[in-house]
Amino acid sequence: MAERGGCALLESLPVEIRESLAELELELSEGDITQKGYEKKRAKLLARYIPLIQDVHTEAVQAALAKYKERKMPMPSKRRSALVQPSVETYTPPDTSSASEDEGSLLRQGRITSTPLQGHSSVEPWISRVTQGSSTSSSASSTSSHPGAKPAASNSCPVIAAATMLADLMAHAQIESVSAPPDVTTGLLGNSHHERPQVASVRGVPRGFNSSILETADGVPVNSRVSSKIQQLLNTLKRPKRPPLREFFVDDFEELLEVQQPDPNQPKPEGTEMALLKGEPLGVVSNWPPSLLTALHRWGTTQPKAPCLTSLDTTGKAMYTLTYGKLWSRSVKLAYTLLNKLTSKNESLLKPGDRVALVFPNSDPVMFMVAFYSCLLSDLIPVPIEVPLTRKDAGSQQIGFLLGSCGVSLALTTDVCQKGLPKAQTGEVVTFKGWPRLAWFVIDGKHLMKPPKDWYPHIRDASNDPAYIEYKTSKEGSTMGVTVTQSAMLAHCHALTQACGYSEAETLINVLDFKRDAGLWHAVLTSVMNRMHVVSIPYALMKVNPLSWIQKVNAYKARVALVKSRDMHWSLLAQRDQRDVSLASLRMLIVADGANPWSISSCDAFLNVFQSRGLRPEVICPCASSAEALTVSMRRPPDLGGVPPGKVVLSMNGISYGVIRADTEEKLSVLTVQDVGQVMPGAIMCVVKVEGAPYLCKTDEVGELCVSSNSTGTAYFGLHGITKNIFETMPLTANGDPVSSQPFIRTGLLGFIGPERLVFVVGKVDGQMVISGRRHSCDDVVATALAVEPMKFVYRGRIAVFSVNVLHDERIVLVAEQRPDSSEEDSFQWMSRVLQAIDSIHQVGVYCLALVPANTLPKAPLGGIHISETKQHFLEGSLHPCNVLMCPHTCVTNLPKPRQKQPDVGPASMIVGNLVAGKRIAQACGRDVSQLEDNDQAKKFLYLADVLQWRAQTTPDHLLLLLLNSKGTVASSASCLQLHKRAERVAAGLLEKARLNVGDHVALVFPPGIDLIATFFGCLYAGCIPITVRPPHPQNLATTLPTVKMIVEVSKSACILTTQAIMRLLKSKEAAAAVDIKTWPTILDTEDMPKKKMARVFRPTSPDTLAYLDFSVSTTGILAGVKMSHSACSALCRSIKLQCELYPSRQIAICLDPYCGLGFALWCLCSVYSGHQSILVPPLELETNASLWLSAVSQYKVRVTFCSYSVMEMCTRGLGTQTGTLKSRGVNLSCVRTCMVVAEERPRISLAQSFSKLFKDLGLSTRAVSTTFGCRVNVAICLQGTAGPDPTTVYVDMRALRHDRVRLVERGSPHSLPLMESGKILPGVKVIIAHTETKGPLGDSHLGEVWVSSPHNANGYYTVYGEEALHADHFNARLSFGDTQTVWSRTGYLGFLRRTELTDASGERHDALYVVGSLDETLELRGMRYHPIDIETSVIRSHKNIAECAVFTWTNLLVVVLELDGPEQEALDLVALVTNVVLEEHYLIVGVVVIVDPGVIPINSRGEKQRMHLRDGFLADQLDPIYVAYNM
């Protein structure tokens, strides 16, 4: 319509104007004029021809926005489904100079061309581009692929410059370089591309590495699209709007939320106390009927032909005119039917006083009116409600609650309406959710009984019995019924008749809903009292033809019209189509929502346009009403005693403090309000304080309007408690005396009494948001949003503003429906301008702004948005927005004070402090190995090779190893002798075919199996150093092969031993695409070895010489190889043997990867040392048969078994529903004494508990599941074993943990975090908790780094560069105070020790070690230490669609990556929920939310998240995210 009107306007313009416009268009297209200049000149040309629809508010908003420089905000990235992630071959690194789709338009606007950087000349402009926060991608490339190589000269500087700039910008963001094991893998990540989990690829930042080699010491060069957006985000946050933090001492444990202090400069009311405002007395009318029904009877019998109501169809034609005679006769007929309707037991269905629901569509006023009056005639109480169209209608459940509380059992409706209701299979109307069971009665003529000639309904005078119940919906969405008595209904009709000057036979055009509010009061009740003719305009007609009501005013020469400001606005947009309408007949245009802040602009604009069509200014009569007090006030024309209309310009800031200040200077943040007339006849009004006792307000204070009158509602039906608060208020003077003996009713309207005793309304109590002690009106915020380029991007009537409570304060949320034709970027620009406008005008930040697709918000019955339902959807995460902008940084100002680091407290004073506080020093040890006798020959041998030879001689046929395949059958096995012979054959091959020397390194690339174990011992026999390497995945060579290549290179392997299939894979064409296959060392196939016997097995010169290298990728993505000596190997095996009581007669089942850490030791070393039989289950086989491991445990009646978390997860997910089947197949786990999860992380309690619960039915003891703990410096520190007390669980305060304190709390207390003991400390192992910085010992109430001393500690890192400092730091640490002699190894994990009430085998009290998390992974934010897993747990809990989550930091922004397990259109629901939950539970603001597909978060073989890889992938723009939201 608007477009049509626009075209019509252009055609009607003079020729010269049209020519000038065409010239302007040409100038713009050729770039001779800017967009801004074009718009300015075009507006000037058209100014005379366009009617002025701009209001004061719009001008204020435009002026406010002009104040803001174009401060660009980073636009969220959204995936285009068309953009398929390219394969590795075609994958362009993210550093090409092309900008992404979203950014193309930004470039075009400013006509910037993005060219590659050349040499140093472009460094300056590039940096300035970054600072301005432009969205273009820079084109600096990453450093070259070899760690030793110099980076390409032309590109290095900008990258460093950008990184430095980021650091400078965030002055308080310390990017500390933490010491880390060496990692020599820099360049190989360049094109790495995470496709699935199980990735063991590696990052390129060594801990403690010399940063001159790797410029980008924080991960990845800042040259990707992501980085430039983060840069923009940092720019928007450079000046955070925070009130200065007050100085107060924060106890280490307490994080005190900032309490909003009142602003000392806030305006305060200064006026005198207001006086009561009395309306004119109700006039005495000589023949005024004693009740409404008397009037109906009079007109129905004396003027039966007089028209009462005309209903229109959707084309605007009069469908039916109900006369007063017909209304009377049909009402009587229906009343008779209702009174004589019987139940199946021949009892009356209805008794006088029963409530009856009226369910009529907005298009059928005639039937509604008949039903309403017939209920009054039969002494029934009508409860008009909306037609429920579906079972899920917005607010339908609340209507059900209303019907239930009113005891409604019968609903009246029409035949057509009843047919349209959803039906059950029986053909009956369905029972709607939350509704009571209803009988539906159709009131069309054929269903009615004819009353006998002598029957007349009994018409009584109006009494104080209820006449009807009108529903109202509160802010929270709850629906209540307001009871209106017969006498109040009559008095209200009298007051309206007097105020509006109604007379007989007048015509009234009604556009409003006739079932409630002003539509019911004027067009159904007062009209009958005065024998008026009402023409009812249905909502459906208004949607098709917004001018219909004006045409009907013209056609019927109507004297009064009843509209809302929305109807006036709609008609303005369509008015150009109509030339010949006249509004001269109108004496009153009643604007029912005159109390709305935007009604004034509609009234002014409407008058402006229609004054030329006969509309007189004094005709426009805004009124104010509320469900409780009915009509509160109304402006009247001068002939009815009206005074000239009033208009005041108020300071928005003053109103937010509840004070009236007329504003003259600051034109931006003002609210222009029009009066809503005078108090109703016969009523008294006062204004009382909104909160606390109802004291009268001062004359310059905003408060709640209260009315005392006999024409108001009397109660909320059935709700006595809140009825008293609202309907029986006694206003008090400042001295506390009641102002009147009559009770007043709170109207729910906020306002004041202005000059000339006019009433002004500035908002509704329900629409108030109290933010940091200031009140803001939802309607005002909507008006501001609409004034920003109104209607270009969103629909006018489809904006919802509400507040949600986050972190102990209300936060503003604005949701709007986006027009389908507006582009992503336009909408984003509109959103950022709305933020700026609201910030300027209301001085308040918006927490979340969301745009949803057209027609998706829950609707109120007659258009408009159902606010409480929208809020519910938002909080549940079911709003499904298509654009979201969160601004927590600007509006969350009550975060706790960041923790200040205490001045250097030395280790000595810490110990003294602990002793004074009665805390013991946190240290513990396992059993003393020297005291333990293990009567086995094996302890006499220092070398594992000797043990195997001894076993081959003494027990040659004893089966050591059984390998199972996916079917559960033995794929291969090895006795002591067979293993020895296979090892000999490998050793001979190494010396002969590969011609290796003693001490050469050999990479063993085998799938999990006995070959791996045999080749390992073959290497020991030959004097070579073995390194076990996981083979590359044939389907994922691009990501897994570089890791293999890297380990082979870093370990300096002289030879690779493998199988024939893997050998072919390593040399294949596909491999050549991923790595340089020409540089592989000699590759030998073990199946092709000579069948020779060795002359002599190599014997090392000393137990401290190197036995093997153990390489592993840590969770921080760093590849670290550690050296294990022969003595450490045998000490490790001995400790495990003692802890698990392993003997040759025992069997254990192992479902672990055999490549590193404890998994490797259990798989390859322990069986040989202890002689027990190991049943080997490769975890990969569980993918085809999830029950393989548990079936094996049951079949072999295993007492001790080991698995990883990923295995446990596979069983829990894959077998969750199959426990019954497993039981029927005879799987029984009651044999298991201990099932240990091998891990290098905090125990995953919830997974362990669900596993125990799930398989309890199969006989698994709840006490069986426990965990182990090891790390790079010592692969087995704790391990539950078979003896000793059960693992304990404690609950600690998560807030204290952030301050490195341990405070135990009760289970279920707020902020409690369950932690499970990480297994028993192994024999020979000593543990102490040390301060991470001072290296002093800590007490047991502190969280510190776990240090370990044991004979099986690793001997150091194996590194190309031989970093001595690093080695000393991690493997030869000494305490700075106390026992400074013992040499410890630093684990890099934070934990604490607690002495429990349990006793261990020696009778001593048991010390439990609790591991909290990796030190490298902790996030230092706001001066506190956060563990990613805690934030991730909160996030995963926040919505059912979040499958997995990982967090990391970039500069000082917290980045949350979520895997979405649901449709892509639901992705944006998660942004607000995640931001809320992290704020509520961790007091942190999320900077960036990245939503990705399932499986994108990389996970290593132990099932641990590789967060640093993810971070690199994010910064290099390689995640192909569904959506990236940058929180402002």
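With respect to the salt-bridge test (charged N to carboxylate O, under 4.0 angstrom), the residues Lys1505 and Glu1444 qualify. Residues Arg1394 and Glu1317 are not paired through a salt bridge, judged by the lack of any N-O separation under 4.0 Å between the basic side chain and the carboxylate. Under a 4.0 Å N-O distance rule, the pair Asp1430/Arg1242 qualifies as a salt bridge. Taking 4.0 Å as the cut-off between side-chain N and carboxylate O, Asp1340 and Arg1395 do not count as a salt-bridged pair. Taking the charged nitrogens against the carboxylate oxygens, Glu1481 and Arg1437 do have a contact shorter than 4.0 Å, which makes a salt bridge.
In this structure, the side chains of Pro1428 and Val1447 come closer than 4.5 Å at one or more pairs of heavy atoms. Side-chain contact between Val1489 and Leu1470 is absent, with no heavy-atom pair separated by less than 4.5 Å. Proximity of His1427 to Leu1343: side-chain heavy atoms (C-beta onward) are separated by under 4.5 Å at one or more points. In this structure, the side chains of Leu1460 and Ile1522 come closer than 4.5 Å at one or more pairs of heavy atoms. Inter-residue side-chain proximity for Phe874 and Cys848 is flagged as met; some heavy-atom pair is nearer than 4.5 Å. Looking only at side-chain heavy atoms (C-beta outward), Pro1337 and Leu1375 come within less than 4.5 Å of each other. Side chains of Glu1397 and Thr1288 form no contact here, defined as non-hydrogen atoms less than 4.5 Å apart. Looking at heavy atoms from C-beta onward, Phe1514 lies in side-chain contact with Val1490 at the 4.5 angstrom threshold.
Here the shortest heavy-atom pairing between Asp1286 and Leu1398 reads O-CD1, 3.9 Å. Counting all heavy atoms, side chain and backbone alike, Thr1332 lies closest to Arg1386 at O-NH2, 3.7 Å. Taking all atoms of both residues into account, the shortest heavy-atom contact from Ile1277 to Cys1271 is CD1-SG, 4.1 Å. Taking both residues in full, the closest heavy atoms of Pro1243 and Thr1267 are given as CB-CG2, 3.6 Å, listed atom of the first, atom of the second, then distance. Shown here for Ile1485 and Leu1454, the closest heavy-atom pair between the two residues is O-CB, 3.9 Å. Of all non-hydrogen atoms in Leu1468 and Val884, the two that sit nearest each other are CD2-N, 3.7 Å.
The distance from the CD atom of Glu1466 to the CG atom of Leu879 is 11.0 Å, given to the nearest 0.5 Å. Here the straight-line distance linking atom CG of Leu1254 with atom CD of Gln1249 works out to 13.0 Å at 0.5 Å rounding. In this structure, OG in Ser1414 is found 12.0 Å from CD1 in Ile1429, a value given to the nearest 0.5 Å. Rounded to the nearest 0.5 Å, atoms CG (Asn1274) and OG1 (Thr1387) are 9.5 Å apart. Here the CD1-CG distance, from Ile1329 to Leu1393, works out to 4.5 Å after rounding to the nearest 0.5 Å. Of the inter-residue distances, the one linking Cys1445 atom SG with Leu1458 atom CG reads 5.5 Å to the nearest 0.5 angstrom.
With a 6.0 Å cutoff to the six-membered ring centre and a 45° limit on the axis angle, Arg811 does not count as a cation-pi contact of Phe802.
A donor-acceptor contact shorter than 3.5 Å links the side chain of Thr1418 to the backbone of Leu1415. Side-chain N or O atoms of Asn894 include one that pairs as donor or acceptor with a backbone N or O of Leu807 at under 3.5 Å. Tyr1426 places a side-chain N or O within 3.5 Å of a backbone atom of His1482 that can act as its donor or acceptor partner. In this structure a side-chain-to-backbone donor-acceptor pair under 3.5 Å is missing from Arg1507 to Glu1417. The closest donor-acceptor contact from the side chain of Ser1309 to the backbone of Val1305 lies at 3.5 Å or more, if one exists at all. Judged purely by atom type and a 3.5 angstrom limit, Glu1240 has no side-chain atom pairing as donor or acceptor with the backbone of Phe1269. Listed for the Gln1506 side chain is no donor-acceptor partner under 3.5 Å among the backbone atoms of Ile1497. Using modelled atom types, no side-chain atom of Ser1438 and backbone atom of Leu1473 make a donor-acceptor pair closer than 3.5 Å. A donor-acceptor pair is defined here as one N or O able to donate and one able to accept, closer than 3.5 Å; no such pair exists between the side chain of His1342 and the backbone of Gly1344. Using a distance-only test at 3.5 Å, with no hydrogens or angles considered, a donor-acceptor pair links the side chain of Asn1527 to the main chain of Val1486.
Ring planes of Phe1392 and Tyr1410: parallel class, angle under 30° (limits at 30 and 60°).
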**Request:** Carefully, step by step, assess Glu1209 and Arg1244 under the rule side chain to side chain contact (heavy atoms under 4.5 Å, CB included).
**Result:** CA-CA 11 Å; Glu1209 204 155 15; Arg1244 300 189 199 172; 3.9 Å; yes
**Request:** Begin with the C-alpha distance, continue with both residues' side-chain angles, and end with the deciding distance and a verdict on side chain to side chain contact (heavy atoms under 4.5 Å, CB included) for Val1435 and Val1456.
**Result:** CA-CA 9 Å; Val1435 167; Val1456 178; 4.3 Å; yes
**Prompt:** Can you check side chain to side chain contact (heavy atoms under 4.5 Å, CB included) on Tyr1389 and Val1412, steps first, answer last?
**Reply:** CA-CA 7 Å; Tyr1389 281 81; Val1412 176; over 6 Å; no
**Asked** Checking side chain to side chain contact (heavy atoms under 4.5 Å, CB included) for the pair Val1265/Leu1260: CA distance, chi angles, key distance, verdict?
**Response** CA-CA 9 Å; Val1265 179; Leu1260 181 69; 4.2 Å; yes
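Screening Thr1475, Asp809, Thr890, Asn1476 against Tyr847 for a side-chain hydrogen bond (donor to acceptor under 3.5 Å, both in side chains) leaves a single residue, Asn1476.
At a cut-off of 3.5 Å, with distance as the only test, no side-chain donor of His1406 or Thr1396 sits close to an acceptor on the other residue.
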